[in-house]
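What follows is a set of notes on a single structure, which appears directly below.
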There are 2 protein chains.
Amino acid sequence: MSRSNPRVLAILERAGGFASAQEVYRLMQREGESIGLTTVYRSLQSLVNDKIVDVLRREDGEAIYRLCGGAHHHHLVCKGCGETIEIEGGAIEKWAKTMAQEFGFREVGHTAEIFGLCPKC
Amino acid sequence: MSRSNPRVLAILERAGGFASAQEVYRLMQREGESIGLTTVYRSLQSLVNDKIVDVLRREDGEAIYRLCGGAHHHHLVCKGCGETIEIEGGAIEKWAKTMAQEFGFREVGHTAEIFGLCPKC
DNA sequence: ATGGAAATGAAAATCATTTTCATTTGTGCT
DNA sequence: AGCACAAATGAAAATGATTTTCATTTCCAT
């Protein structure tokens, strides 16, 4: 489970450090990489175990992975056309930290997304 | 989609307001209620739409439902035991509004969750 | 009653994820 | 090089939650 890890990692980086297993798989196929879906899942799991990668959940329950530590951002998504803008979440980081502290939580992460209609829609 | 909603709701109450669709179904069966799994799913969805019920995700991605207090709030979820605390998100509201404005988005909503390990875990 | 709309549920379809298992690859040893 | 054995790989099947389909049943207003 070692030859594929770096390849999966590379894809995650290029993807902006934010993708589901299925997406990683599709991306790798598109780039001509030869890898099986099973291996993608296994690599992602081992990367998570090694705390190199973080796992979150989309609204629909699909697991999404991202490099941890790497500057993370949030999304502003258009309900109409699906356009997505990466935005800063400084306020959120602080909020998350404060709240976690107040309730004694450790190893804290968070998700946040804004959605609405973009100017064009 | 109206005759079953109250029954599903009643079960959610008795369950301590925290159960997956499958669990609600099993509970109802055990109590002799006659209902189909499909209907349980549909009722839960409609209750979510009506904001009577809240939906979260377990670690494994399964959706769990519970009665919600009504006022818009966010969650602080423990990765270990699943305990959930409802928290205020004033900072988020402002952030969302600011960001949306900056990019000209309308009809804006948002999601935000914090997760980590609670003091006990 | 009667017709049509809404609700229901059984069974099939979907879809992400996991498991199984046979094959391939890598590594160390002689 | 040749050999053995462990780890890694991936195709296909299994799993499990959720959704869809579609025929039937229940509600209501006429």
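- Side chains of R57(B) and E59(A) form no contact here, defined as non-hydrogen atoms less than 4.5 Å apart.
- In this structure the side chain of L117(A) never reaches within 4.5 angstrom of the side chain of F105(B), judged on heavy atoms.
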Write out a two-atom table: protein N or O, nucleotide N or O from nucleotides 4-8 of chain D, distance below 3.5 Å.
{"residue": "dA8(D)", "atom": "OP1", "partner": "M1(A)", "partner atom": "N", "Å": "2.6"}
{"residue": "dA8(D)", "atom": "O5'", "partner": "M1(A)", "partner atom": "N", "Å": "2.4"}

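- The CD-C1' distance, from Q29(B) to dA10(C), rounds to 13 Å in whole Å.
- Under a 3.5 Å cut-off, the side chain of S43(B) and the backbone N or O of T39(B) do form a donor-acceptor pair.
- No contact: S43(A) has no heavy atom under 4.0 Å from any strand.
- In this entry the distance linking OH of Y25(B) with C1' of dG16(D) reads 15 Å, nearest Å.
- No contact: S46(B) has no heavy atom under 4.0 Å from any strand.
- Rounded to whole Å, atom C1' of dA16(C) lies 17 Å from atom CD of E59(B).
- Atom-to-atom distance recorded for H74(B):NE2 and E113(B):CD is 9.5 Å, nearest 0.5 angstrom.
- Rounding to whole angstrom units, CD1 of residue I35(B) and P of dT26(D) are separated by 15 Å.
- Per the geometry, CD belonging to E23(A) stands 15 Å off P belonging to dC15(C), to the nearest Å.
- Judged by distance alone, the side chain of E23(A) and the main-chain N or O of S20(A) form a donor-acceptor pair under 3.5 Å.
- For the atom pair F103(B) CZ and I87(A) CD1, the distance stands at 7.0 Å (nearest 0.5 Å).
- The side-chain heavy atoms of L9(A) and L47(A), taken from C-beta on, include a pair separated by under 4.5 Å.
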Short N/O separations, protein against nucleotides 17-23 of chain D, under 3.5 angstrom:
{"residue": "dT18(D)", "atom": "OP1", "partner": "A63(B)", "partner atom": "N", "Å": "2.9"}
{"residue": "dT18(D)", "atom": "OP2", "partner": "Y41(B)", "partner atom": "OH", "Å": "2.7"}
{"residue": "dT18(D)", "atom": "O5'", "partner": "Y41(B)", "partner atom": "OH", "Å": "3.3"}

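- The aromatic ring centroids of W95(A) and H110(A) lie 6.0 Å or more from each other.
- In summary, the side chains of Q29(B) and Y25(B) do present a donor paired with an acceptor at a separation below 3.5 Å, with no hydrogens or angles considered.
- For L44(B) and dA7(C), the CG to P distance is 16 Å, given to the nearest whole Å.
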